[in-house]
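Okay, structure first, notes after.
Source: prediction; values computed, not measured.
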Amino acid sequence: MDPERRSALLQSKLRALVVATRALTRPEVSAAAPGAIRGGATLVAGATGFVLAEDDPARALGPAMTWGARGSVEELHVLALAEAAPDLARRAALFAEPPSVWAVDGTSVEMAAPRPFPTDPALPADVAAFSVVIEAAGAEAVVEQGVLRAEVLGLEVGRVVVGDDGPVLEVGVGKHDRWAHAELASPMGLLDELRAAVDEVRTRRVADGLHQLARLTPERWLRSVVMARPELAGAASLAAIPSPVARPDLRTTAPAPAMGVDATGRPVVVVCSVGIDLDLVPAGADMAVFHEARLVLVVPEGDDHPLNRQLSGRLAAPAEWRTVGPDWAALYPG
């Protein structure tokens, strides 16, 4: 659809939904100033603001709150699809002055109730057994959303897929590469095939590398560096934990969390990000509260944007920021 046409439709949809919230009277809605936000629409009436999170609603809270702060909005309302709104409501409650979150179902709107933090299902024993193969090949076994993956410097090089004949470890960077490996029917054994993929990634995934393998999932690459060098986050030890934000593919950005203890033995959740991710603060705080740990956000120098720092200061339990230099990728030992 033409972008201007879609923007106009989203504005009309938001106006109709705002009436349903009854947060404003109809005359106020008519006089509200329309605006745009990536993947949605906005309205402002005085000090009251509304954000319609149409695209990627699960990651909309941070951008919505940032928009509100920049526009001096004192009362913020976020409207999102009913499937995503309960998670946004849980995250919103972590702020000292939380926005209101509304669940949209067709043309009806109701205040969203916070949904409990999701937990990964336990791996079946026959799936978990592949961890031995993954680690023997020199990769890291990472479990997320109930899937066992093999990662090298934060990049997936294989995953265990459960089919009609049981679990199978498929080797490849992303689903298309896994399919290609399966079609080629390599004469190498599984362990050797995975080792070859591990070696390829380690060769290509280098600081200032130009290969595509050096550009994918940089936030998870940073996490692997910080886990190997936990002192960068002020921690004594760290291990990867699942992110509640599912990534549909390797090109989608999502916070990369790890958990451990600091020098005093206190639990700490460290969340890594590369670039300016406006939803980093709500996502990180969500994980820290669930794990009853203090929050440390780790980003490269220059990526600790003032808007994100301001947002973290609005948390009921403010986060600590740590930055790493531009050569952070070279800090991985070995």
Side-chain angles (χ1 to χ4, degrees), residues 120-230 237-243 246-254 256-258 260 272 274 328-334:
D120 273 12
L123 288 181
D126 55 352
V127 172
F130 281 93
S131 297
V132 176
V133 179
I134 291 171
E135 292 168 359
E140 180 186 3
V142 177
V143 180
E144 224 167 61
Q145 282 85 43
V147 177
L148 176 60
R149 297 177 171 88
E151 286 194 2
V152 180
L153 295 176
L155 183 63
E156 180 183 322
V157 295
R159 68 167 58 186
V160 178
V161 177
V162 181
D164 294 338
D165 297 326
V168 176
L169 176 58
E170 296 182 348
V171 177
V173 179
K175 61 183 179 181
H176 297 296
D177 194 27
R178 293 200 309 273
W179 292 342
H181 273 265
E183 288 296 322
L184 289 173
S186 170
M188 291 189 294
L190 176 61
L191 182 58
D192 288 338
E193 188 178 0
L194 185 55
R195 278 177 175 159
V198 169
D199 291 342
E200 172 73 4
V201 170
R202 288 197 182 280
T203 300
R204 302 292 189 180
R205 206 160 167 80
V206 295
D208 299 324
L210 300 178
H211 195 276
Q212 183 184 19
L213 294 179
R215 298 195 297 269
L216 295 169
T217 63
E219 67 282 353
R220 297 173 81 89
W221 188 356
L222 177 56
R223 178 177 68 176
S224 70
V225 171
V226 173
M227 288 192 299
R229 298 280 301 276
S237 63
L238 291 168
I241 58 173
S243 170
R247 295 179 304 128
D249 54 56
L250 295 179
R251 292 179 175 80
T252 301
T253 298
C272 299
V274 175
W328 60 264
L331 296 177
Y332 191 90

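- Between the CZ atom of Arg215 and the CZ atom of Arg204 there is a distance of 12.0 Å, given to the nearest 0.5 Å.
- Heavy-atom minimum distance, Val160 versus Val147: O-CG1, 4.2 Å.
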Table please: side-chain donor-acceptor pairs of residues 120-134 below 3.5 Å, with sequence neighbours left out.
| unit_1 | atom_1 | unit_2 | atom_2 | d |
| --- | --- | --- | --- | --- |
| Asp120 | OD1 | Gln145 | N | 3.2 |
| Asp120 | OD2 | Gln145 | N | 2.7 |
| Ser131 | OG | Ala128 | O | 3.0 |

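- Between Val206 and Thr203 the shortest heavy-atom distance is CG1-O, 3.6 Å.
- Among pairs with a residue in residues 150-162, those fulfilling side-chain hydrogen bond (donor to acceptor under 3.5 Å, both in side chains) read Arg149-Glu156, Glu151-Arg220, Glu156-Arg159, Glu156-Arg178, at least two apart in sequence or across chains.
- Although no hydrogens or angles enter the test, the distance criterion places a donor-acceptor pair under 3.5 Å between the side chain of Arg223 and the main chain of Pro257.
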#### Entry: side chain to side chain contact (heavy atoms under 4.5 Å, CB included) between Arg205 and Val152, worked out
CA-CA 9 Å; Arg205 206 160 167 80; Val152 180; over 6 Å; no

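- One finds the CG atom of Leu153 at 12.5 Å from the CG atom of Leu216 (value rounded to the nearest 0.5 Å).
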Would you give me the side-chain donor-acceptor pairs under 3.5 Å for residues 136-143, sequence neighbours excluded?
none

### Message
Apply side chain to side chain contact (heavy atoms under 4.5 Å, CB included) to residues Tyr332 and Arg202 and explain how you reach the verdict.
### Response
CA-CA 11 Å; Tyr332 191 90; Arg202 288 197 182 280; 4.1 Å; yes

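- Taking all atoms of both residues into account, the shortest heavy-atom contact from Trp328 to Val274 is CZ2-CG2, 4.1 Å.
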### Task
Would you check, one step at a time, whether the test side chain to side chain contact (heavy atoms under 4.5 Å, CB included) holds for Trp221 with Val225?
CA-CA 6 Å; Trp221 188 356; Val225 171; 4.1 Å; yes

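- Taking all atoms of both residues into account, the shortest heavy-atom contact from Leu238 to Gly260 is CD2-N, 3.6 Å.
- Nearest heavy-atom pair, Ala150 versus Leu194, reported as atom, atom and distance to 0.1 Å: CB-CD1, 4.4 Å.
- Contact record, Met227 with Ala240: SD-N, 3.1 Å, taken as the closest heavy-atom pair.
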